[in-house]
Amino acid sequence: MGIPLIWVYQQAYQAYGHRFWWPARTPFEVVVGAVLTQNVLWERVERAIALLEDAGWLEPGRLAHATPDELRPHLQPVGYYSRKAPLLREIARWYLDHRHRIPQPSWRGELLNIHGVGPETADSILLYAFHLPVFVVDAYTRRILSRVYGVPGPWDAPYDRLRGWIEQRLPRDVALYQDFHAQLVEVGKRSCKRRRPRCSQCPLRSVCAYALRDGKAFAPAGEDPPRRSRPREGPGKAVPRAIAR
DNA sequence: GTCCTGGTTC
DNA sequence: GAACCTGGAC
């Protein structure tokens, strides 16, 4: 069903080149960034990381003993202070316990047991800090794949089901997983926006059901697919029209 | 000004 | 389905 997933990657790769993600200098910075970026755009994460670094909190040994009040001012750019401050301290402790060990798939369960770490955060850490082969699924992934492949698919399915769908269709390759996720982020930020996607400039336009719908090769520049109030997650999503007024 | 965004928990 | 938060888009 649909085009091979690897083609989607190749289309983006041809446009953007290798992304060399995750944007962090150390594995611990990956861990911190994975927490900070929960529900937050990366630009704000960068500001918070800079604040944390200037104050010396990017040392896992120090962060492991930070109090929420000490972290609060540095977390201002990313918000969610009440959740992320205690979480940073706890995940720093977990990192101290693991940083010199050989990464194990069982670490996923350990991370998920930390309050405030969900599947995306756990997988980001495993893939980018520890180079374990888990595909990171985020909002960009769901949105882009739902548009590229059209209606039927696990796009709204629970996290692990979509992750499995993706991993089944790709060679089990850490570098590919890393760069593919990075490409999806790039496509999501530049073109496949939630509102008003810019299909005419999207590297996936030639393989995307959403950009290709209505039989057009793709909309000419400046004429992206028409939409009503907001684009659904795919062309023909059978939403129960129910008591539409 | 108000709306909208994005992971996780309850 | 709402709460947690911010700052950019409208």
Side-chain angles (χ1 to χ4, degrees), chain A residues 21-24 29-52 66 68-95 107-129 134-147 154-164 166 177 181-198 201 222 224 226-233 239-240 242-243:
Chain A
W21 248 40
W22 179 291
E29 211 176 294
V30 174
V31 173
V32 171
V35 166
L36 296 185
T37 198
Q38 287 176 354
N39 222 38
V40 156
L41 298 177
W42 185 254
E43 297 73 55
R44 284 185 255 162
V45 175
E46 287 183 327
R47 273 182 274 161
I49 287 193
L51 293 174
L52 288 166
D69 280 342
E70 287 173 314
L71 296 182
R72 176 171 208 152
H74 312 110
L75 299 185
Q76 195 267 341
V78 295
Y80 303 99
Y81 148 83
S82 63
R83 292 167 185 266
K84 290 180 179 177
L87 174 54
L88 281 178
R89 185 174 55 186
E90 196 175 350
I91 209 160
R93 291 175 178 173
W94 181 89
Y95 182 81
W107 288 7
R108 190 169 196 268
E110 295 184 28
L111 286 166
L112 291 174
N113 278 337
I114 299 176
H115 188 47
V117 174
E120 183 185 337
T121 306
D123 287 345
S124 298
I125 292 169
L126 295 177
L127 179 62
Y128 289 107
V134 286
F135 199 94
V136 175
V137 175
D138 67 350
Y140 294 131
T141 308
R142 291 180 187 274
R143 184 163 71 234
I144 294 168
L145 292 185
S146 72
R147 286 176 176 162
W155 324 127
D156 297 323
Y159 182 97
D160 282 322
R161 185 162 156 232
L162 179 51
R163 179 169 70 93
I166 293 171
Y177 286 7
H181 174 70
Q183 301 289 352
L184 290 173
V185 171
E186 204 61 27
V187 171
K189 291 169 82 163
R190 294 203 205 192
S191 305
C192 202
K193 301 162 173 294
R194 191 139 147 67
R195 308 158 41 111
R196 308 199 187 190
R198 302 177 186 178
Q201 59 155 62
D224 287 328
R227 66 200 59 74
R228 305 83 210 162
S229 47
R230 76 189 70 126
R232 298 291 320 174
E233 294 307 79
V239 174
I243 326 123

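Every chain is numbered from 1 and lettered A, B, ... according to where its sequence line falls, protein lines coming before strand lines.
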query: With rounding to whole Å, what would you report as the distance between C/dC5 and B/dG1 at their P atoms?
result: 24 Å
task: I would like to know whether A/Val32 and A/Ile91 meet side-chain contact (heavy atoms from CB on, under 4.5 Å); could you show each step before the answer?
output: CA-CA 8 Å; A/Val32 171; A/Ile91 209 160; 5.9 Å; no
query: Given the rule in the side-chain contact (heavy atoms from CB on, under 4.5 Å) test, do A/Arg198 and A/Lys193 qualify, once you have shown the distances and angles that lead to the verdict?
result: CA-CA 7 Å; A/Arg198 302 177 186 178; A/Lys193 301 162 173 294; 3.5 Å; yes
- prompt: Just how far, in rounded Å, is C1' of C/dG8 from NZ of A/Lys189?
  reply: 13 Å
message: I need the CH2-P distance between A/Trp42 and C/dG8, as an integer number of Å.
response: 17 Å
query: Quick one: what's the B/S/- string for nucleotides 5-10 of chain B, heavy-atom cutoff under 4.0 Å, read 5' to 3'?
result: SBBBSS
query: Excluding sequence neighbours, so at least two apart, what forms side chain to side chain contact (heavy atoms under 4.5 Å, CB included) with A/Ala122?
result: A/Leu111, A/Leu112, A/Val117
field: Main-chain N/O of A/Val78 paired with A/Arg44 side-chain donor or acceptor, under 3.5 Å
entry: no
Whole-Å gap separating C1' (C/dT6) and CG (A/Leu51): 14 Å
- request: Go through residues 85-93 of chain A and report each residue with a non-hydrogen atom lying under 4.0 Å from DNA chain B, sorted by number.
  value: none
message: Assess whether a salt bridge exists between A/Asp156 and A/Arg142, defined as any Lys/Arg side-chain N lying under 4.0 Å from an Asp/Glu carboxylate O.
response: no
- request: Assign the ring pair A/His181 / A/Tyr128 to parallel, tilted or perpendicular, where the plane angle (0 to 90°) is split at 30° and 60°.
  value: tilted
Worked verdict on A/Trp155 versus A/Leu145 for side-chain contact (heavy atoms from CB on, under 4.5 Å): CA-CA 7 Å; A/Trp155 324 127; A/Leu145 292 185; 3.7 Å; yes
query: Hey, are A/Glu46 and A/Trp42 close enough side-chain-wise for a donor-acceptor pair under 3.5 Å?
result: yes
task: Take the protein atom CZ of A/Arg47 and the nucleotide atom P of C/dG7, then report the distance between them rounded to whole Å.
output: 6 Å
- request: Looking at every strand, decide which applies to A/Gln76 at a 4.0 Å heavy-atom threshold: base, sugar-phosphate, or nothing.
  value: sugar-phosphate
message: For the backbone of A/Lys84 and the side chain of A/Gln38, can you confirm whether one donor and one acceptor N or O come within less than 3.5 Å of each other?
response: no
message: With rounding to the closest Å, how many angstrom separate the P atoms on C/dC10 and B/dG6?
response: 14 Å
field: Whole-Å distance separating the CZ atom of A/Arg196 from the P atom of C/dA9
entry: 13 Å
